[in-house]
Engineer: 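Following this message is one structure expressed as structure tokens.
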Amino acid sequence: MRISTSTSFLNPISSIFLKQWFSTNPNLTTLFNKYVDKTDVSSWNSIIAELARSGDSIEALRAFSSLRKLSLRPDRSTFPCTIKSCSSLFDLTSGKQAHQQAIVFGFEPDLFVSSALIDMYSKCGELGNARKLFNELPQRNVVSWTSMITGYIQNGDAHEALSLFKEFLMEESDGGRETKVFIDSIAMVSVLSACSHISENRITKVVHGFLIKRGFEGDLCVANTLLDAYAKCGDLTIASKIFDEMPERDIVSCNSMIAIYAQNGLSTEALNVFYGMLKDGDYNYDAVTLSAILLACAHSGALQLGKCIHDQVIKMRLEDNVFVGTSIIDMYCKCGRVGMARRAFDRMKEKNVKSWTAMVAGYGMHGRAKESLEVFYEMQKAGVKPNYITFVSVLAACSHAGFVEEGWHWFKTMNQEFNIEPGIEHYGCMVDLLGRAGYLDEAYELIEGMKVKPDCVVWGALLGACRIHKNVKLGEISSRKLFELDPNNCGYYVLLSNLYADAGRWEDVERMRIFMKNHRLIKPPGFSLVEAKGRVHVFLVGDKEHPQYEAIDEYLDRLYVKMKEVGYVPDTTSVLHDVDQEEKQTVLRVHSEKLAVAFGIMNTIHGTTVQVIKNLRVCSDCHAAIALISKIVNREIVVRDSYRFHHFKDGLCSCGDYW
DNA sequence: TTAGGGTTAG
């Protein structure tokens, strides 16, 4: 059989034929020798289009090059797919060559060609060239407008994208023109994407009103982007309302909602949407779903579920997806299994800056600064440029382990060698590092020299360090700043009060107590999570709601007897000083992490690691108690608090009591 | 020819 006529490629049969050909034998020479008339431009166009469609942009460009070598004259259909292939590869050189050819053959003004060129220049970061082309267009259609609007979003200027949209609306309402241009749902999606980037509720609301007026409300893609825009503005209530009320949903709607919940720490809600997807069975989950679910697992410390998702990733052959791979590393690190994270990391074929940073941060949060820095060196050797967050992770790792010299080195080097100006987060890490290592004056000096206004994290780090090193003077300075910045945060008053108590300044302690009482400042309730038999159990401080409460209480009693035998003395310094000693001990005894640890030991197989996650910092009494418990019951206990990981084994903690 | 969802810190 010989397919020789130019029209044959335009009918569905030959399109199927081409797809089959490329899936089994992507050899253009054989294809032409056997089936196709090499001198027919339409045949070449079909081949370029099919290659571009199937994602083989390199071959598509080779086909275009072959066509030119044969001195064939490309027509207007040749260019859009050729230019699109350049965009997909971010290949500006080939893109410019294709542009040149389009000019030579007189197709630059063609709307299909010019829109593809605007898109290509935008994707390759040459926004100026894109805008020049757009400005010079004799006429514009909705595609050229949308391409230009999207170009601004892709290049980080969502505000300009919105301005252009306003211009578009003016042209749309200009009745004097012969050819009217109407906004369509694709343009609407682009505009909403700009709203997501701007993250201003007011703007999203205006665009929402506009799209209702223009009848785009029922469009699935528009609704998906709208819920994302509201979520990015921080309005999760409206986002979930839109999701709940959607007459139809697709995988993108569900993935968006899962990701929104997961990114905002609402792991249970994220999992509920996922389970809903599984139950309905209308569409299969994909790499995006699993990546978002892994984030939910990371937040809630759901290791068992995380492992199941990892198995699923392997089954679906998604291991080489860099998003999924990075999420797996992050999940294992945040679920306490940094070794498993490392194994997954080493298996990754493609690693980007986020994958490397996840591993650097992962080691850091487990107090393993040496390994963290080693990964950071490897990253540089591999030619991956660290970013702002990488340096936060490096400095945080140094801070967790007390690596003062290394921290200073990278803090100075990040600007000098990597051209990244230290931001407020880097200062926060440095103040923490210096302060906890005892260099309080240096930490204060660093704050005084900051170009940006120090925030709660920075002053909070200094106050925390003052508590450890009992420095009342600097503690008062930092608390004054903190009371101004965040007057309703109870934690700072408690810290200062404890600092006074350590110094024996009981009048000041009393003054703080009265102040907190008068201002009705209540410490946020501590809670701990523990996973057992595939379920995550939540314990609040003094929680009597759990069905096994009595058994837990009895078990804790027995543990206390044994702990006291090996020298445990309750450390009541972190309890507010408005209760008597006995009551303080009772308060400590029902701290959520102790309840969760006891429950974990009772409900997991002996020999396995008990893992607890706490929303606040673990208190010093619990830290000492859990260390002893690990020895008494001969179990490894891992506690993730709001700051870092503690691995307790044989009566000792991996943090070396430096936390 | 144009559009929507995912990964790293504190």
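Below, chain A is the first sequence line, B the second, and so on; all start at residue 1. Values reported hereafter were calculated over all heavy atoms of this structure, with side chains retained and with hydrogens, waters and symmetry mates removed.
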Engineer: Looking at every strand, decide which applies to A:A287 at a 4.0 Å heavy-atom threshold: base, sugar-phosphate, or nothing.
Structural biologist: base

Engineer: In whole angstrom, what separates A:F391's CZ from B:dG10's C1'?
Structural biologist: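 My rounded result for the distance is 17 Å.
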
Engineer: Quick one: list whatever passes side-chain contact (heavy atoms from CB on, under 4.5 Å) with A:D184, sequence neighbours left out.
Structural biologist: A:V142, A:I186, A:A187

Engineer: Between A:E421 and A:K451, is the closest basic N to carboxylate O distance under 4.0 Å?
Structural biologist: yes

Engineer: B:dT1, B:dG10, B:dT7: which one has an atom nearest the side-chain heavy atoms of A:N352?
Structural biologist: B:dT7

Engineer: Which nucleotide in the set B:dT7, B:dT2, B:dA9 lies at the smallest distance from any side-chain heavy atom of A:Q263?
Structural biologist: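 Given the options B:dT7, B:dT2, B:dA9, the side chain of A:Q263 is closest to B:dT7.
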
Engineer: With sugar-phosphate meaning primed atoms plus P, OP1 and OP2, does A:S115 contact a base, only sugar-phosphate, or nothing at under 4.0 Å between heavy atoms?
Structural biologist: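 Base contact.
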
Engineer: Tell me every residue that passes side-chain contact (heavy atoms from CB on, under 4.5 Å) with A:L133, counting only those two or more places apart in sequence or in another chain.
Structural biologist: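 For A:L133 the side-chain contact (heavy atoms from CB on, under 4.5 Å) partners, ignoring immediate neighbours, are A:H99, A:E108, A:L117, A:I118, A:Y121.
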
Engineer: To the nearest Å, give me how far apart CD1 (A:I258) and P (B:dG6) are.
Structural biologist: 12 Å

Engineer: With ring centroids as reference points, do A:F411 and A:Y427 lie under 6.0 angstrom apart?
Structural biologist: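 Between A:Y427 and A:F411, which both carry aromatic rings, the centre distance is below 6.0 Å.
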
Engineer: Verify the contact: side-chain N or O of A:K123 to OP1 or OP2 of B:dA3, cut-off strictly under 4.0 Å; return yes or no.
Structural biologist: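 Yes.
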
Engineer: B:dT7 C1' sits how many Å from A:H299 NE2, rounded?
Structural biologist: 12 Å

Engineer: Side chain of A:E425: nearest nucleotide among B:dG6, B:dT2, B:dG10?
Structural biologist: B:dG10

Engineer: If you look at every heavy atom in A:S253 and A:F243, which pair is closest and at what distance?
Structural biologist: O-CE1, 3.5 Å

Engineer: Enumerate the residues from residues 189-199 of chain A whose closest heavy atom to DNA chain B is under 4.0 Å, giving them by residue number; use none for an empty result.
Structural biologist: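 Correct list: A:V189, A:S190.
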
Engineer: Determine the contact category for A:L111: base if any of its heavy atoms lies under 4.0 Å from a base atom, sugar-phosphate if only primed atoms, P, OP1 or OP2 are that close, otherwise nothing.
Structural biologist: base

Engineer: Which listed nucleotide (B:dA9, B:dT8, B:dT2) is nearest to the side chain of A:M365?
Structural biologist: B:dA9

Engineer: Would you confirm whether the ring centroid of A:F376 sits within less than 6.0 angstrom of the ring centroid of A:W356?
Structural biologist: no

Engineer: To the nearest Å, give me how far apart NZ (A:K84) and P (B:dT1) are.
Structural biologist: 7 Å

Engineer: Looking just at side-chain N and O atoms, do A:E374 and A:Y363 make a donor-acceptor pair shorter than 3.5 Å?
Structural biologist: no

Engineer: From the options B:dT1, B:dG10, B:dG6, select the nucleotide whose nearest atom is closest to the side chain of A:S291.
Structural biologist: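 Between B:dT1, B:dG10, B:dG6, the one nearest the side chain of A:S291 would be B:dG6.
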
Engineer: As a test of reading the structure: which of B:dA3, B:dG6, B:dT8 is closest to the side chain of A:T357, going by heavy atoms?
Structural biologist: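 That would be B:dT8.
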
Engineer: Residues in side-chain contact (heavy atoms from CB on, under 4.5 Å) with A:V41, at least two apart?
Structural biologist: A:N45, A:L72, A:D75, A:T78

Engineer: For DNA chain B, find the residues of residues 316-327 of chain A with a heavy-atom distance under 4.0 Å and give them by number; none if there aren't any.
Structural biologist: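 Under 4.0 Å from DNA chain B: A:N321, A:V322, A:F323, A:V324, A:T326, A:S327.
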
Engineer: Can you tell me how far C1' of B:dA9 sits from CZ of A:F645, to the nearest Å?
Structural biologist: 14 Å

Engineer: So what does A:A292 touch, heavy atoms closer than 4.0 Å: a base, only the sugar-phosphate, or nothing?
Structural biologist: nothing

Engineer: Please report, rounded to the nearest Å, how far the P atom of B:dG6 is from the CG atom of A:D330.
Structural biologist: 15 Å

Engineer: When all nucleic acid strands are considered with a 4.0 Å heavy-atom cut-off, which category describes A:A396: base, sugar-phosphate, or nothing?
Structural biologist: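 Counting heavy atoms under 4.0 Å across all strands, the contact made by A:A396 is with sugar-phosphate only.
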
Engineer: Side-chain contact, heavy-atom cut-off 4.5 Å: A:Y643 with A:H400?
Structural biologist: yes

Engineer: Which pairs pass side-chain hydrogen bond (donor to acceptor under 3.5 Å, both in side chains) with one or both residues in residues 81-92 of chain A, sequence neighbours excluded?
Structural biologist: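 The answer is A:D91-A:S94.
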
Engineer: CE of A:M348 versus C1' of B:dT8: gap in Å, rounded?
Structural biologist: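 It is 11 Å, rounded to the nearest whole Å.
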
Engineer: Between B:dT1, B:dG6, B:dT8, which one does the side chain of A:A259 approach most closely?
Structural biologist: B:dG6

Engineer: Within the structure shown, what part of the strands sits under 4.0 Å from A:D432 by heavy-atom distance: base, sugar-phosphate, or nothing?
Structural biologist: nothing

Engineer: Could you state the atom-to-atom distance from CE of A:M277 to C1' of B:dG6 in whole Å?
Structural biologist: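 The distance from CE of A:M277 to C1' of B:dG6 comes to 12 Å, rounded to the nearest Å.
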
Engineer: Could you work out which one of B:dT8, B:dG10, B:dA3 sits closest to the side chain of A:C221?
Structural biologist: B:dA3

Engineer: Looking at A:K351, does any N or O in its side chain come under 4.0 Å of the phosphate oxygens OP1/OP2 on B:dT7?
Structural biologist: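 No, because none of the side-chain N or O atoms of A:K351 sits under 4.0 Å from OP1 or OP2 of B:dT7.
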
Engineer: Choose from B:dG10, B:dT2, B:dT7 the nucleotide whose nearest atom is closest to any side-chain atom of A:H400.
Structural biologist: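 When the side chain of A:H400 is considered, B:dG10 is the closest of B:dG10, B:dT2, B:dT7.
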
Engineer: Measure from NZ or CZ of A:K385 to the centre of the six-membered ring of A:F418, then state whether that distance is under 6.0 Å and the direction lies within 45° of the axis.
Structural biologist: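 No.
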
Engineer: Taking OP1 and OP2 of B:dA9, is either one under 4.0 Å from a side-chain nitrogen or oxygen of A:K334?
Structural biologist: yes

Engineer: If you check every side-chain atom of A:V288, which of B:dA9, B:dT2, B:dG6 has the closest atom?
Structural biologist: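 The closest nucleotide is B:dG6.
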
